[in-house]
Asks: 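One structure is given below, represented as structure tokens, and several questions about it will come after.
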Amino acid sequence: MDQSSLSSLVVELFTTIQLLAGYPAPQSGPEIHIVPHAVIEEKICRSQCRRIKAFYHPDWGVYVDESLDLAGDAFDRSILLHELMHHVQHVAGAYEMLPSDCERRNAEEQEAYRIQNKYLAAIGDPRRIPAGAWMGPCRN
């Protein structure tokens, strides 16, 4: 996907997030990096993270596995929407009031998966992410 098409898609997905989740569109989006999967492994998990196709980091932006077909596959686009949702949550300070990083992360992930599934339903794609797809145990 060329840069112009990617920029247009990001604007479209931010609008979708605004409609589905009620967050205002951010003043600026994160930097989007389309990279080989090895870069994702190097950045966040060192190895054994084949299932991770994208991630968001407030300081680095969104990293997306180059194997995703953002132009032609609705589910792959939903993965980018999920990561952009994390950017919007971060900019809005949505879960700052929660007492621990673990609780914040769980709340952010649950909301991002819920909005991802709402997006898939809205566009008529039957695929969904299971409700408990990502829930880390928190120790108090």
Side-chain angles (χ1 to χ4, degrees):
M1 175 175 273
D2 65 59
Q3 191 60 42
S4 175
S5 298
L6 181 59
S7 294
S8 294
L9 176 59
V10 167
V11 169
E12 176 186 323
L13 293 175
F14 276 137
T15 301
T16 300
I17 290 168
Q18 186 174 18
L19 293 170
L20 295 177
Y23 287 95
Q27 293 293 320
S28 62
E31 192 169 339
I32 309 289
H33 309 273
I34 308 295
V35 299
H37 191 80
V39 173
I40 292 172
E41 288 185 355
E42 178 185 310
K43 288 277 188 188
I44 62 167
C45 59
R46 302 289 179 235
S47 66
Q48 304 303 321
C49 67
R50 279 279 167 231
R51 293 180 53 208
I52 297 173
K53 298 294 184 185
F55 75 92
Y56 168 74
H57 188 283
D59 297 328
W60 306 334
V62 174
Y63 282 72
V64 179
D65 190 315
E66 67 186 1
S67 71
L68 294 183
D69 180 6
L70 298 175
D73 187 279
F75 190 83
D76 288 358
R77 276 192 305 281
S78 82
I79 293 170
L80 178 56
L81 176 131
H82 177 107
E83 301 308 331
L84 293 174
M85 182 71 193
H86 289 313
H87 176 71
V88 170
Q89 291 166 331
H90 174 75
V91 169
Y95 294 98
E96 293 291 316
M97 73 295 212
L98 293 178
S100 74
D101 288 341
C102 181
E103 290 170 325
R104 282 190 290 280
R105 181 79 172 147
N106 282 341
E108 289 166 352
E109 287 298 335
Q110 291 306 306
E111 182 182 36
Y113 282 126
R114 184 174 50 79
I115 297 306
Q116 183 177 3
N117 284 334
K118 282 176 81 171
Y119 170 73
L120 290 166
I123 62 173
D125 191 300
R127 295 172 286 183
R128 301 290 183 275
I129 302 293
W134 193 95
M135 189 69 142
C138 297
R139 294 185 178 97
N140 293 336

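Residue indices begin at 1 and follow the sequence shown.
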Asks: Among E42, K43, E41, find the residue that satisfies the side-chain contact (heavy atoms from CB on, under 4.5 Å) test when tested with C45.
Replies: E41
Asks: Out of curiosity, Q116 CD to I17 CD1, how far, rounded to the nearest 0.5 Å?
Replies: 10.5 Å
Asks: Are any side-chain N or O atoms of D76 and backbone N or O atoms of L68, one a donor and one an acceptor, separated by less than 3.5 Å?
Replies: no
Asks: Kindly give the heavy-atom pair with the smallest separation between Q18 and P24, and that separation in Å.
Replies: NE2-CA, 4.2 Å
Asks: Side chains of P30 and L84, heavy atoms from C-beta outward: is any pair under 4.5 Å?
Replies: yes
Asks: Just how far is it from atom NE2 of H87 to atom OH of Y23, taken to the nearest 0.5 Å?
Replies: 12.5 Å
Asks: To the nearest 0.5 Å, how far apart are CD1 in I129 and CZ in R114?
Replies: 14.5 Å
Asks: Tell me if a side-chain donor or acceptor on N117 pairs with a main-chain N or O of R128 at a distance below 3.5 Å.
Replies: no
Asks: In Å and rounded to the nearest 0.5 Å, what is the CD1 to OH distance from I34 to Y63?
Replies: 11.5 Å
Asks: Would you kindly confirm whether I123 and L19 end up in one hydrophobic cluster when ILVMFWY residues are joined by side chain heavy atoms under 4.5 Å apart?
Replies: no
Asks: Quick one: pull up CD in E12 and OG in S7 and give me the separation to the nearest 0.5 Å.
Replies: 12.5 Å
Asks: Applying the 4.5 Å side-chain criterion to the ILVMFWY set and letting contacts propagate, would L9 and V11 be lumped into a single cluster?
Replies: no
Asks: Rounded to the nearest 0.5 Å, what separation is found between the CG atom of D65 and the CD1 atom of I79?
Replies: 9.0 Å
Asks: Please report the closest heavy-atom contact between C49 and H37, naming both atoms and the distance.
Replies: O-NE2, 3.1 Å
Asks: Without swapping roles, check the side chain of E103 against the backbone of L98 for a donor-acceptor pair under 3.5 Å.
Replies: no
Asks: Taking all non-hydrogen atoms of both residues, which atom of A74 and which atom of Y119 are closest, and how far apart?
Replies: O-CE2, 4.0 Å
Asks: Below 30° counts as parallel, above 60° as perpendicular, anything between as tilted: where do the rings of W60 and H57 land?
Replies: parallel
Asks: Are I115 and K118 close enough that some pair of their side-chain heavy atoms sits under 4.5 Å apart?
Replies: yes
Asks: Looking at H82 versus H86, is the centre-to-centre ring distance below 6.0 Å?
Replies: yes
Asks: Please determine if D125 and R77 form a salt bridge, counting it only when a charged side-chain N lies under 4.0 Å from a carboxylate O.
Replies: no
Asks: Is V91 linked to M85 within one hydrophobic cluster, defined over Ile, Leu, Val, Met, Phe, Trp and Tyr using a side-chain heavy-atom separation of less than 4.5 Å?
Replies: no
Asks: Just by distance, no angles: are the side chains of Y56 and E108 close enough, under 3.5 Å, to form a donor-acceptor pair?
Replies: no
Asks: Could you give me the CA-CA distance, side-chain angles and deciding distance for R127 and D73, then say whether side-chain contact (heavy atoms from CB on, under 4.5 Å) is met?
Replies: CA-CA 11 Å; R127 295 172 286 183; D73 187 279; 3.5 Å; yes
Asks: Any chain of hydrophobic side-chain contacts (each under 4.5 Å) joining F75 to V64?
Replies: yes
Asks: Does any non-hydrogen side-chain atom of V35 lie less than 4.5 Å from one of I40?
Replies: yes
